[in-house]
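On a predicted model such as this, the values are computed, not experimentally measured, just so you know. Along the sequence shown, residues are numbered consecutively beginning with 1. The figures here come from the full heavy-atom set of this structure, side chains too, leaving out hydrogens, waters and symmetry mates.
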Amino acid sequence: MNKPILVTGGTGTLGRAVVARLLAEGLPVRVMSRRPRRAGDERPYEWAVCDLAEGTGLDAALADVRAVVHCATNARNDVAATRRLVEAARRAGGRGPRGPHLVYISIVGIDDVPLPYYRSKREAERIIRESGLPWTILRTTQFHDLVATMTTVQRRLPVVLTLSGVRVQPVDVTEVADRLAELVQGAPAGRVPDMAGPEVRDAHDLAAATLRATGLRRRVVPLRLPGRIARALRAGGILAPDRAVGKVTFEQYLAARTPPAVRP
């Protein structure tokens, strides 16, 4: 039981939250990152420098781990990175119950919305399912952070653009981290029920709320885009209203975070 849990992408938005939750529960953790550990970081975890895109450092990162929470993601190489991770996990522990429990974070709607990134997530899921390793997959809706960033990255534009007719059901990253920490400590469960935020909201409404919270004065301009992707989004492809298990609302998230330094 003293073997560490490896968190890939351990310095990212979700990875940091997962690491914090596991440490709070007194569990041994190994953080995987492309970058060396920062000087002065004395938190009680191990550190593994590894580049999933190149495969460098993978065997050392996976040596003697009991489980992996795979949070690292990159639209350009998700499939190849997941394949490399699975192959290294097999080398480390073998197939079947002796192998490390692989917990993967995925996205609600990847079967319905034909985004290239969603196709890569679907393929990564297939690789994990067919890996021969013990596995668990959790799909969630978009994080509050991502939804807010879609507005704040436009702060230098005269208006803020949003997608007309698109509804979003954002979930708080800390709640997702709590769920992943729970899953990685349990038995492999296959694909578990999806996790979505507490409210289905119009994208225009969420953009306006972000502007108010950050002190930006901009007009929100909805764009109605053509094509299969836009139609799938308008049809609710990224929603899971029957899985609204999150508790933190978007306004609560905005109120709790430190306002970014933006000019009105």
State, with a plain yes or no, whether a side-chain heavy atom of [X] is found less than 4.5 Å away from one of [Y].
X: Val31; Y: Val7; result: no
X: Ile238; Y: Tyr118; result: yes
X: Ile229; Y: Val113; result: yes
X: Asp205; Y: Phe250; result: no
X: Tyr253; Y: Asp145; result: yes
X: Glu123; Y: Arg83; result: yes
X: Val184; Y: Arg21; result: no
X: Val86; Y: Glu130; result: no

[Y]/[X] salt bridge by N-O under 4.0 Å criterion:
X: Lys247; Y: Asp178; answer: no
X: Glu125; Y: Arg139; answer: yes
X: Asp64; Y: Lys3; answer: yes
X: Arg201; Y: Glu251; answer: yes
X: Arg179; Y: Glu182; answer: yes
X: Glu87; Y: Arg84; answer: no

Hey, what do you get for [atom1] ([X]) to [atom2] ([Y]), rounding to the nearest 0.5 Å?
X: Glu199; Y: Gln252; atom1: CD; atom2: CD; value: 8.0 Å
X: Met32; Y: Leu6; atom1: CE; atom2: CG; value: 4.5 Å
X: Cys71; Y: Arg16; atom1: SG; atom2: CZ; value: 11.5 Å
X: Cys50; Y: Arg35; atom1: SG; atom2: CZ; value: 13.5 Å
X: Ile107; Y: Asp194; atom1: CD1; atom2: CG; value: 11.5 Å
X: Leu102; Y: Leu133; atom1: CG; atom2: CG; value: 6.5 Å

Tell me every residue that passes side-chain contact (heavy atoms from CB on, under 4.5 Å) with Leu23, counting only those two or more places apart in sequence or in another chain.
Val19, Val29, Pro44, Tyr45
Side-chain ([X]) to main-chain ([Y]) donor-acceptor, under 3.5 angstrom:
X: Gln169; Y: Gly197; answer: yes
X: Arg91; Y: Asp59; answer: no
X: Arg167; Y: Asp202; answer: no
X: Arg234; Y: Leu225; answer: yes
X: Arg90; Y: Ser131; answer: yes

Return yes when atom [atom1] of [X] has more than 12 non-hydrogen atoms of other residues, nucleotides or ligands closer than 6.0 Å, and no otherwise.
X: Met150; atom1: CE; value: no
X: Arg76; atom1: CZ; value: no
X: Arg34; atom1: CZ; value: no

Identify the heavy atoms of [X] and [Y] that sit nearest to each other, and give their distance.
X: Ala232; Y: Pro114; value: CB-CD, 4.0 Å
X: Ala181; Y: Glu25; value: CB-OE2, 4.4 Å
X: Ala189; Y: Thr136; value: N-OG1, 3.0 Å
X: Ser120; Y: Asp78; value: OG-CB, 4.0 Å
X: Ala63; Y: Arg30; value: O-NH1, 2.8 Å
X: Leu58; Y: Ala88; value: CB-CB, 4.1 Å

Applying a strict under-4.5 Å side-chain criterion to I, L, V, M, F, W and Y, I'd like to know whether [X] and [Y] cluster together.
X: Val245; Y: Val108; result: no
X: Val159; Y: Leu163; result: yes
X: Leu146; Y: Leu138; result: no

If we check side chain to side chain contact (heavy atoms under 4.5 Å, CB included) with Leu180, which of these qualifies: Val103, Leu22, Thr140?
Val103
Result of checking Thr214, Leu216, Val160 against Arg155 for side chain to side chain contact (heavy atoms under 4.5 Å, CB included)
Leu216
Would Tyr117 and Thr73 count as a side-chain contact (heavy atoms from CB on, under 4.5 Å) here? Give the steps.
CA-CA 10 Å; Tyr117 179 48; Thr73 187; 2.5 Å; yes
Is there a donor-acceptor contact under 3.5 Å linking the side chains of Thr8 and His70?
yes
Does a donor on one side chain sit under 3.5 Å from an acceptor on the other, for Asp51 and Thr56?
no
Before giving the answer on side-chain contact (heavy atoms from CB on, under 4.5 Å), spell out for Arg38 and Trp47 the whole-Å C-alpha distance, their side-chain angles and the decisive distance to 0.1 Å.
CA-CA 10 Å; Arg38 289 187 300 176; Trp47 193 274; over 6 Å; no
Report the C-alpha separation of Met195 and Val176 in whole Å, then their side-chain angles, then the decisive distance to 0.1 Å, and conclude whether the side-chain contact (heavy atoms from CB on, under 4.5 Å) test is met.
CA-CA 8 Å; Met195 182 175 185; Val176 175; 4.2 Å; yes
Chi angles and distances behind the side-chain contact (heavy atoms from CB on, under 4.5 Å) call for Leu62, Leu85
CA-CA 9 Å; Leu62 280 153; Leu85 180 69; 4.0 Å; yes
